[in-house]
Each structure stands twice: as structure tokens, then as C-alpha cells.
Amino acid sequence: MYREVYNQNIEQYVQYYLQDQKKSLELMHDFKNHLMIIERLDDFNKIHEYIREILGDIQSMQSYVTYGNIYVDACLNMKVQEYKNLQFHFSVHIDGLKMNGKDLCALLFNLLDNSAQAASQCQGEVDMSMIYNEGNLVMSMKNDCLFEPDYQSHSQFHGYGLKIIQSIVDKYNGAIEYRFEQQKVCVDLCIQV
């Protein structure tokens, strides 16, 4: 049940991201016109007022990361927006990655949620590395954590993310390893795509 609800939300996340990206492109398109108007304004106060309006539009836009894969971009940006109190560091090199969108989103959402939830408890950071090379997707997640998590506990809506991650790793003939060292949870995985 949880996985079905989660998968239904993936498409909504992607659509949300596409709408914001469209808004950003529209703003960039109009930027040239705004500069031409500013150039023609002769009143110093009018210039400042116009610039404040433009800056308001720009500041309302979120800062997005883009790595060229719509699913990866949507997942990373949604989690950065959801966990605004955390520092995220991404190293993503995925040129040529072709993977089922639902599987890729479910994998990323669950890895990022687990890392961000743990890091939130100690105002920590989340580091993610993602590399695609010759049919292999290698990922490494690290997050600050006060104590080693219980990888086996499950409640009504807790612990299913690990099952979803494991099922995707198994589906793609991969391997995953969890470690806790120096107050960090480290997750390394490799799958064949």
C-alpha cells in the first residue's frame, strides 16, 4: 500500500518540477526586455522601483540543481525544498543513464528521506554521489547521525523505505552496504542498469 501511494506521488513531483522550470525559462526570456525598459527609464526612483519588482520575481524562484535527467533533478530538488534546514552536497555524473523512472525516483526518494530525517535530528549534512558508467550505477549516501540506526525496525509507516531500496537493488542485480562510522551513516550501492 505504502509503495503504491509513493509511486503515485512521483509523477506529481516531476510535474511540479517541470512547472517551476517553465516559470524559470519564462523569466529568463523576459529578462532582456526588462533590461531594455530599465535603460529607457529616466527617473532614478522609477528605475529602483522596477528593479525591486524584478528582484521579487527572481527571489520567488527556487534555486534548482540540474543534472540532465528529469527524474534525478526532480527528486533532488524536491528533497532540498522539503528539508530546507539541511545542507545537501551532490556529486552527480549520470550521462547516458537509462533507468525506469519509477524505480529511479523510488530509490532516490527513499535514500534521501532516510538520510535527511537522520541528519535533521542533529542539524547535520547529507552528501550524495551518483555515477553512471558502462551500465553500472554507483551511489554513495552519507549523512550526519547521532546514533547508529536500527535497520530492522518497522512500524506502520517507518522502515518500508529500506525494503523498497532493497527490492530495487535486487531487481537490478545489485549490492548495497550500510555502515555507521564517525557519527555518519554511509550507504553504498551498485546496480546494473
Any residue meeting ring pair (Phe, Tyr, Trp, His ring centres under 6.0 Å) with Tyr83, in chain and number order, not counting sequence neighbours: none
side-chain hydrogen bond (donor to acceptor under 3.5 Å, both in side chains) partners for Lys142, two or more places apart: none
Joint hydrophobic cluster, Val138 plus Met128, side-chain heavy atoms closer than 4.5 Å: no
Any pair counted as side-chain hydrogen bond (donor to acceptor under 3.5 Å, both in side chains), so long as it reaches residues 118-135, sequence neighbours left out: His89-Glu125
CG on Asn143 to SG on Cys186, rounded to 0.5 Å: 8.0 Å
Cluster link Val126 to Leu146, ILVMFWY, side chain under 4.5 Å: no
Phe90 reachable from Ile131 in the ILVMFWY side-chain graph, under 4.5 Å edges: no
Inter-residue atom distance Met130.CE - Leu76.CG, 0.5 Å rounding: 7.5 Å
Within 6.0 angstrom of Asn136 CG, more than 12 heavy atoms from elsewhere: yes
Heavy-atom pair with the smallest gap, counting every atom of Ile164 and Ala106: CG2-CB, 4.1 Å
Ser140 to Asp188 - nearest heavy-atom pair and separation: OG-OD1, 2.9 Å
Smallest separation among heavy atoms of Cys145 and Val185, with atom names: CB-CG2, 3.8 Å
For Tyr50, all residues meeting ring pair (Phe, Tyr, Trp, His ring centres under 6.0 Å), sequence neighbours excluded: His34
Rounded distance [0.5 Å steps], SG in Cys75 versus CG in Leu104: 6.0 Å
Heavy-atom donor-acceptor pair, Ser115 side chain to Leu112 backbone, under 3.5 Å: no
ILVMFWY network linking Ile94 to Met139, side-chain heavy atoms under 4.5 angstrom: yes
Pairing residues for Lys171 by the side-chain hydrogen bond (donor to acceptor under 3.5 Å, both in side chains) criterion, not counting sequence neighbours: Asp103
Test item: Asn114 and Ile165 side chains (from C-beta on) under 4.5 Å apart, heavy atoms: yes
Leu107 CG to Leu189 CG distance, which is reported to the nearest 0.5 Å: 5.5 Å
Neighbour count above 12 (heavy atom, 6.0 Å) for Phe147 CZ: no
Residue pair Leu86 / Ala116: nearest heavy atoms and the distance that separates them: CD1-O, 3.5 Å
Glu148 side, atom CD; Arg179 side, atom CZ - distance, nearest 0.5 Å: 11.5 Å
Approximate separation, where rounding is to 0.5 Å, of Asn69 CG and Leu97 CG: 5.5 Å
Gln81 and Asn77 side chains, donor-acceptor separation under 3.5 Å: no
Within 6.0 Å of CD in Gln182, more than 12 heavy atoms from elsewhere: no
Partners passing ring pair (Phe, Tyr, Trp, His ring centres under 6.0 Å) against Tyr67 (at least two apart in sequence or in another chain): none
Backbone of Tyr172 reached by a side-chain donor or acceptor of Gln192 within 3.5 Å: no
Residues Lys79, Glu82: salt bridge by 4.0 Å N-O rule: yes
Closest non-hydrogen atom pair between Lys98 and Val193, with its separation: O-CG1, 2.8 Å
